[in-house]
Amino acid sequence: MVNELDEETLSLIKQIDVFFNTESIAVVGASKTEGKVGQIIFKNLADNKRRGIYRGELYPINPNEDSILGYRSYPTLQKVLGDVELIIIAVPAKYVPSVLEDAWKKGVKAAAIITSGFSEVGNTDLEEEVKHIISKAGIRVLGPNCLGVYDAYTGIDMLFLPETKTLMNKNVVIATPRPTPGNIAVVTQSGAFGAAAIDCLAGQEMGLSKLISFGNKMDIAEQDILLYLLHDEKTKVILLYIEGIIDGRKFMEVAKKVTKHKPVIALKAGKTPAGARAALSHTGSVAGSDKIYDGVFKEVGILRARNMEGFFDLARALALQPTAKGNNIAIITDAGGPGIMASDECVTLGLNVKQFSEKTIGKFMDLIKEGEIPSFAAYHNPVDLTGVVTSKMFELSMEILLNDPEINGIIVLGLHHTPHLTEDFTDRIAKLSKGFQTPIVACDIGETEMANYIRSRFNKLGIPAFSSPEDAAYAMSGLVEYGMYLMKRGYL
Ligand code: ACO
């Protein structure tokens with residue numbers, strides 16, 4: 001993909017890449033005081049360097065210290081002996097212009113301004129002053145008022161959110177986990193939501209490629225990051241949380257290019273007047289008409305998540321499964337009620353749960369005759385293998401569905417509570433599905449050990465699993481919507 005790039009795009013990618021792949025980082029405002037933003041960021045990076053995950057140089061900048069965590073500290077950037085490519089700024093807003101002037105003289109290429117107190121609180125003059133300096137200096141900036149980035153592969157961790165916290169009873173617990181390396185990127189206007197998002201991804205055993213928090217987007221905005229991620233080999237799915245887009249035309253142009261190759265799932269906040277007011281004071285964003293955003297997302301192939309849970313459900317589905325080439329969905333279950341729930345939700349979401357072809361029905365009737373599935377099984381869609389289900393019944397039935405060319409996606413509701421169903425039905429289905437391009441999503445209902453095991457096993461095997469039939473149907477609708485978009489545009 002990189003071969004086809006024009007000069008401008010290539011240069012943008014190189015500039016943004018400094019935030020994730022760099023030889024040298026300075027933390028301006030690094031501190032020894034436990035809990036300060038500059039202390040946490042510097043410590044995260046020092047820890048990752050010690051573990052060998054971050055391999056570049058690391059410099060603390062602090063006018064009052066000689067050394068921090070064993071690193072020689074410098075009073076200003078200019079005093080650093082080596083080159084500095086990337087800086088992380090964690091000093092109060094009024095000092096930010098002078099830090100950037102200094103960075104200019106030092107030849108710094110990129111800066112993440114974590115500091116708040118700019119346009120989001122009406123301090124537009126200060127933001128303009130900083131803009132002026134960075135445009136003269138050619139420094140690319142993330143923020144201000146952001147979390148910066150977290151790269152699960154290169155160990156660049158700017159999050160001032162401690163990984164663990166000590167409870168009042170002295171127990172140490174994970175507070176902001178760093179997810180394992182994976183293929184989902186999170187791009188977020190809200191830093192706090194970014195932190196929550198990686199907590200969710202880690203808790204749901206989903207891997208992360210990069211987190212990028214862009215805050216007030218004084219310089220680098222969502223479309224620049226999307227373009228960068230289009231060419232990032234580690235990223236397969238992009239999750240985008242936004243409050244408002246400034247340059248709609250540019251955004252649409254870039255988003256179209258990205259969604260041709262990678263799914264983008266958006267969570268757009270600020271739908272109501274109250275939400276829009278909150279967005280204005282949060283990141284200085286103008287939320288705009290929600291209907292317009294709906295239209296824009298549809299036009300450019302971005303999937304708009306219905307809510308926060310849906311955001312992660314769609315991510316899981318698109319990260320693990322191929323897209324659907326039509327909207328005819330088969331449902332297979334051992335639990336009649338959940339089968340009905342899934343059917344209802346599919347139809348509500350615009351999916352077809354139509355009766356199977358004569359040929360497929362004939363194959364199920366043959367299974368009944370052969371005694372492989374019970375005579376009282378339903379087989380018109382949904383397939384209900386009932387409470388006497390076994391792993392083999394699931395496997396034989398799935399084989400029929402996977403071989404039906406009219407079926408574009410399969411929802412497997414494998415409720416584990418039945419007496420004869422052994423947990424290997426997950427592996428059997430996953431193995432069988434390898435030879436097919438039909439997307440599959442699964443569901444097991446329950447909040448205790450076995451349900452967690454089944455869902456986790458499915459996920460590990462590459463079949464996204466959910467805890468309700470509705471969520472499974474919703475995830476399938478994402479695979480259908482994106483697949484249909486690609487087909488309509490002739491990309492599939
Ligand atoms: N160069 C180097 N170091 C400096 C400079 C300078 N020019 N000026 C001050 N420092 C040092 C200070 O001496 C201090 O070090 P010390 O602890 O050794 O004394 C350190 O830098 C930090 O300065 P403080 O004045 O102590 O500032 P503090 O850490 O309290 O606050 C901060 C700075 C965190 C940047 C604050 O101004 C801020 O903006 N906080 C909000 C951050 C935030 O929430 N960002 C957005 C999150 S994402 C979102 O939700 C949109």
Side-chain angles (χ1 to χ4, degrees), residues 25-44 58-69 71-80 84 87-106 108 111-123 126-127 130 133 141-150 157-162 176 186-199 211-218 220-222 225 241-244 267 269-270 278-285 287:
I25 302 177
V27 180
V28 184
S31 170
K32 277 185 176 168
T33 308
E34 193 83 11
K36 273 201 184 184
V37 168
Q39 184 266 340
I40 301 168
I41 295 173
F42 189 78
K43 184 173 179 302
N44 287 342
L58 181 60
Y59 305 104
I61 311 295
N62 182 310
N64 310 316
E65 301 287 353
D66 294 328
S67 78
I68 296 179
L69 288 179
Y71 287 77
R72 176 178 166 188
S73 179
Y74 297 87
T76 64
L77 279 166
Q78 284 193 75
K79 296 279 183 205
V80 176
V84 177
I87 60 171
I88 303 163
I89 303 181
V91 295
K94 62 181 175 188
Y95 302 124
V96 172
S98 65
V99 168
L100 284 161
E101 291 277 1
D102 206 23
W104 181 15
K105 290 174 195 138
K106 182 68 187 165
V108 166
I113 308 178
I114 309 302
T115 312
S116 302
F118 292 85
S119 61
E120 82 282 4
V121 290
N123 209 347
L126 190 63
E127 196 157 308
V130 172
I133 300 167
V141 163
L142 258 188
N145 188 31
C146 73
L147 276 186
V149 310
Y150 171 72
D157 183 349
M158 302 184 186
L159 311 183
F160 65 81
L161 312 155
T176 310
V186 175
V187 183
T188 178
Q189 194 159 8
S190 160
F193 181 70
I198 61 170
D199 195 337
L211 166 79
I212 304 120
S213 151
F214 56 85
N216 295 10
K217 50 181 166 175
M218 163 196 289
I220 296 172
E222 54 280 309
I225 300 164
Y241 168 88
I242 42 167
E243 291 165 9
L267 188 60
L280 188 63
S281 63
H282 182 218
T283 50
S285 291

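Counting convention: from 1, in listed order, for ligands and their atoms alike.
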Next item on the list: Starting from the C-alpha separation in whole Å, work towards a yes-or-no answer on side-chain hydrogen bond (donor to acceptor under 3.5 Å, both in side chains) for N145 and S116.
Entry: CA-CA 4 Å; N145 188 31; S116 302; 2.9 Å; yes
Next item on the list: Start with the C-alpha distance between F214 and I220, add both sets of side-chain angles, then the distance that settles side-chain contact (heavy atoms from CB on, under 4.5 Å), and finish with yes or no.
Entry: CA-CA 7 Å; F214 56 85; I220 296 172; 5.7 Å; no
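In terms of polar-atom proximity, I114 is counted as a contact of ligand 1, with an N or O under 3.5 Å from an N or O of the ligand.
Side-chain contact between I114 and I89 is absent, with no heavy-atom pair separated by less than 4.5 Å. Between V187 and L211 there is no side-chain heavy-atom pair separated by less than 4.5 Å. Using a 4.5 Å heavy-atom threshold, the side chains of Y150 and I212 count as separate. Residues V27 and I87 form no side-chain contact, since every pair of their non-hydrogen atoms from C-beta on lies 4.5 Å or further apart. Taking the side chain as every heavy atom from C-beta outward, T176 and I198 approach each other to under 4.5 Å. Y71 is not listed as a side-chain neighbour of Y59, based on a closest heavy-atom distance of 4.5 Å or more. Between V96 and I113, some side-chain heavy-atom pair lies under the 4.5 Å cut-off.
Remark: Q39 CD to S31 OG distance equals 6.5 Å, nearest 0.5 Å.
In this comparison of V91, V27, D102, the heavy atom closest to atom 9 (C) of ligand 1 sits on V91. For atom 2 (C) of ligand 1, the choice among I61, L147, T76 with the nearest heavy atom turns out to be I61. For the residues C146, S116, G29, the heavy atom positioned nearest atom 38 (C) of ligand 1 is part of S116. Scanning Q189, K36, Q39 for the heavy atom closest to atom 19 (O) of ligand 1 points to K36. With distances taken over non-hydrogen atoms, the option nearest atom 7 (N) of ligand 1 out of N216, V99, L159 is V99. Evaluated by nearest non-hydrogen atom to atom 46 (C) of ligand 1, the leading choice among L161, N145, V96 is N145.
Every atom of ligand 1 is numbered from 1 in the order shown, and the set under 4.0 Å from a heavy atom of V28 is 1 (N), 2 (C). Within ligand 1, the atoms closer than 4.0 Å to a non-hydrogen atom of Y95 are 8 (N), numbered from 1 in the order shown. With ligand atoms numbered from 1 in the order given, ligand 1 contributes 34 (C) to contacts under 4.0 Å with heavy atoms of V37. Close approach to S31 involves these atoms of ligand 1, each under 4.0 Å from a residue heavy atom: 16 (P), 17 (O), 18 (O). Those atoms of ligand 1 with a heavy atom of T33 less than 4.0 angstrom away are 17 (O). Per-residue contacts place G191 under 4.0 angstrom from the following atoms of ligand 1 (heavy atoms of the residue considered): 48 (S), 49 (C), 50 (O), 51 (C). The atoms of ligand 1 that sit less than 4.0 Å from any heavy atom of A90 are 22 (C), 33 (C), 35 (C).
The parts of T115 lying near ligand 1 are both backbone and side chain, judged by heavy-atom distances below 4.0 Å. Contact annotation for N64 and ligand 1: only side-chain heavy atoms (C-beta onward) come within less than 4.0 Å of the ligand.
Using bins of under 30°, 30° to 60° and over 60° for the plane-to-plane angle, the ring pair F193/Y241 lands in the tilted bin.
In this structure, P63 has a heavy atom closer than 4.0 Å to ligand 1. Within the 4.0 Å heavy-atom cutoff, A192 counts among the residues contacting ligand 1. No heavy atom of F193 sits closer than 4.0 Å to any atom of ligand 1. At a 4.0 Å cut-off, not a single heavy atom of G38 sits close enough to ligand 1 to count as contact.
A donor atom on one side chain and an acceptor atom on the other are found under 3.5 Å apart for N216 and S119.
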